[in-house]
Participant: 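Here it is, the structure, as structure tokens.
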Number of protein chains: 2
Amino acid sequence: MTTRSGTESFGSESMTMRDVARRLGVSPMTVSRALRGARGISEATRARVLAGVSELGYRPNKLARGLRSGGPNELIGLVVTNLANPFYSQLAIGVEQVAVSFGARVVLGGTGEDAGTEQEVVADLVSRGVDGLVVVPTGYDHAHLGAVTAHGTPVVLAASPPMGIDADCVVVDDFGGTREACRRLLARGHRRIGFLGLPASLWTGSERFRGYAVALEEAGIDVDERYVSRHRGDIALAERAARDMLALPDRPTALVTANNRNTIGALRALRDWTGDDIALAGFDDIELADMLQLPLTVVSYSAVDVGRSAAKLLFEHLESSGPLPRSSRRVVIPTTLVDHPTAALVPH
Amino acid sequence: MTTRSGTESFGSESMTMRDVARRLGVSPMTVSRALRGARGISEATRARVLAGVSELGYRPNKLARGLRSGGPNELIGLVVTNLANPFYSQLAIGVEQVAVSFGARVVLGGTGEDAGTEQEVVADLVSRGVDGLVVVPTGYDHAHLGAVTAHGTPVVLAASPPMGIDADCVVVDDFGGTREACRRLLARGHRRIGFLGLPASLWTGSERFRGYAVALEEAGIDVDERYVSRHRGDIALAERAARDMLALPDRPTALVTANNRNTIGALRALRDWTGDDIALAGFDDIELADMLQLPLTVVSYSAVDVGRSAAKLLFEHLESSGPLPRSSRRVVIPTTLVDHPTAALVPH
DNA sequence: CTGTTAGCGCGTTCAG
DNA sequence: CTGAACGCGCTAACAG
């Protein structure tokens, strides 16, 4: 008799600690102590209680536990703008991995890229007793998150540094990665390089553009606004912007794209392009990039690592119970430049 | 003065309903009633209380509420095998959308494709007071989920029908989709069609293979075991299996793949293939499939819809409070066959 | 319409 | 080492 039949895993009507205690002829307190591995109880009774608990299929109510102690609820919140973006699902994977390793679970909160919703979602999660939050902030004013920290719930930012508050954060090397990508294009002789990017109001948008601008400046090239398009990253918008750039009389010979959606837009534009070869480099790796019809250089990094690091920072705060030191560490996730040659160009 | 400054959204130390009541000179009960829109309170006092609540930035503690009322906690659990699989992140998106539209949030639970872990995770989520669960079951015995339902927590299955219990479920048309894909290959004159699939122990694996077998039988072709590979869907394993099949003396002229990882493996194998053209059709759509170097036919469907439908079924149960009728509805998400021609074959 | 009492299930505190 | 009382924050159920 190794495992019990699943059908008995739950009492028919949810059982309380008192019920267990009664049937075992002890006090609820003894059951509680046995269950939490607390001291002040003999090994004999503990074993007996645990056996009974397992027998009856009793599970303590975590809601009640959290309500009572103010102690950890083993629950953290993950607030992201848009789960449909693969970056965020990867991030969620990382956060979940670390959370589970600390015995905690993850509650999701989607903001739909709206700052008001973000504030609402964060407040809701706090009212649900999350021990902490990993937040990908939407806006450029994080003051309301500062209020959460003050309330006693630590917050770690992902993909953007804190603005207007102190908080730990994990960011990708947006600047360095983009600069490297541009440098590679420059090293290959390109002088007219187009940029398809994100709004300057987004941290990543701003940093990646800066990487582009610095790389060009290092090469003694001025940024030409006709070669720059910055928008919220729709694939359709990116494709159109790429087409427009290619229609210029002195069109760019290479394009740099600031995220995967811009890259895909550019790829679609180039798919129909019949003129000279256009080189392409972009932020974010793409699955099957080695199967595409065009060679592609990408700035690759692990979004899972972003999530993992953020969660780790969060749990460090949670372990060291105290009045939340004004920490403001910054972890930078490195990027790698990867060349994906086309199969046709690399015969076997 | 439209919005309040974010900094005041939380009291410095978490405030209780009694604090609010005291400062307003009323009883906690009045505050409670005002907050929940309960009846038995004059509009005047309600307005005054709500103003005060908003002023003080008070938020009720949902843990305490849930504990007391036994009512809905506005929290549902989503249990999946492996978030890294895009199917599950899409599913999560759908579930989250519907949950939010019902004012609920989603707690994640990963099982790592282990039946024991699944049982543990489900029990944990129940102990956290979820109102219901959407589960992508791991094993082929769902008895332990039946125990959860008996406990009073409704469960909806996704991607697999219930086995050994009664439960609502949402499944993809695995059988029909695969049969269509095979039919298309047969219509193009292929007679030797290879199958790269999943273990028969998985529902999807079994159903998709059945679609393959039926399509062949309809065409008067016997299944040739040399053309069939069934394994847990690693990309590497799939690639190897594809290579092995192509090495056969009378090799298949077409391959059918049972999921995206098998498709990718097959694509990689074909990338280096120098012989006659091999046709490829697979379950699951692939982003940028139209940019690949090979034409590809895919069985496409919306994983988001799977999540949405599952969540909708769940909330229907939750709305109709009662002793959980032994419901066992089955929603089938349809598939579409999509041809992705290669750019090179479709000049513009 | 409003306020008081009691208790959700558990854990801290203090007696035995 | 064990048990009894009390309270976490909120809300049914009953007073007034």
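Proteins get letters first, then strands, A, B, ... in listed order; numbering begins at 1 in each.
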Participant: Testing B/K62, B/R65, B/R105 one by one against B/E74 for a salt bridge (Lys or Arg N to Asp or Glu O under 4.0 Å), which residue passes?
Facilitator: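 Single pass found, and it is B/K62.
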Participant: Can a donor-acceptor pair be found between the side chains of A/E118 and A/T138 at a distance below 3.5 Å?
Facilitator: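 Judged by distance alone, the side chains do pair up.
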Participant: Counting only N and O atoms by type, is there a donor-acceptor contact under 3.5 Å from the side chain of A/D168 to the main-chain atoms of A/R329?
Facilitator: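 Yes; at least one donor-acceptor contact below 3.5 Å.
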Participant: N/O contacts under 3.5 Å, protein versus nucleotides 1-3 of chain D?
Facilitator:
from, atom 1, to, atom 2, distance (Å)
D/dT2, OP1, A/T45, OG1, 3.4
D/dT2, OP2, A/S42, N, 2.8
D/dT2, OP2, A/T45, OG1, 3.0
D/dG3, OP2, A/S27, N, 3.1
D/dG3, OP2, A/S27, OG, 3.4
D/dG3, OP2, A/T30, OG1, 2.5
D/dG3, N7, A/R33, NH2, 2.8
D/dG3, O6, A/R33, NH2, 3.2

Participant: Mind checking side-chain contact (heavy atoms from CB on, under 4.5 Å) for B/R22 and listing every partner two or more places apart, or none if nothing turns up?
Facilitator: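 With neighbours one apart ignored, the set is B/D19.
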Participant: Rounded to the nearest Å, what distance is computed from the CZ atom of residue B/R22 to the C1' atom of nucleotide C/dG3?
Facilitator: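 In whole Å, C/dG3 C1' and B/R22 CZ are 15 Å from each other.
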Participant: How many angstroms lie between atom CG of A/D114 and atom OG1 of A/T81, to the nearest 0.5 angstrom?
Facilitator: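 Here the interatomic distance stands at 11.0 Å.
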Participant: Looking at A/N61 and A/L63, would you say the former's side chain and the latter's main chain have a donor-acceptor pair under 3.5 Å?
Facilitator: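 A pair under 3.5 Å: yes.
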Participant: Answer yes or no: is there a donor N or O on one side and an acceptor on the other, between the side chain of A/S309 and the main chain of A/V306, under 3.5 Å?
Facilitator: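 Here the side-chain-to-backbone pair does not exist.
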Participant: For nucleotides 7-10 of chain C, list the nitrogen or oxygen atoms of the protein found under 3.5 Å from its nitrogen or oxygen atoms, one pair per line.
Facilitator:
from, atom 1, to, atom 2, distance (Å)
C/dG7, N2, B/R68, NH1, 3.3
C/dG7, N3, B/R68, NH1, 2.9
C/dC8, O2, B/R68, N, 3.4
C/dC10, OP1, A/Y58, OH, 2.3
C/dC10, OP1, A/N61, N, 2.8
C/dC10, OP2, A/M17, N, 2.6
C/dC10, OP2, A/Y58, OH, 3.3

Participant: Nearest 0.5 Å, please: how far is CG in A/L91 from CG in A/D305?
Facilitator: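 Reported value, rounded in 0.5 Å steps: 10.5 Å.
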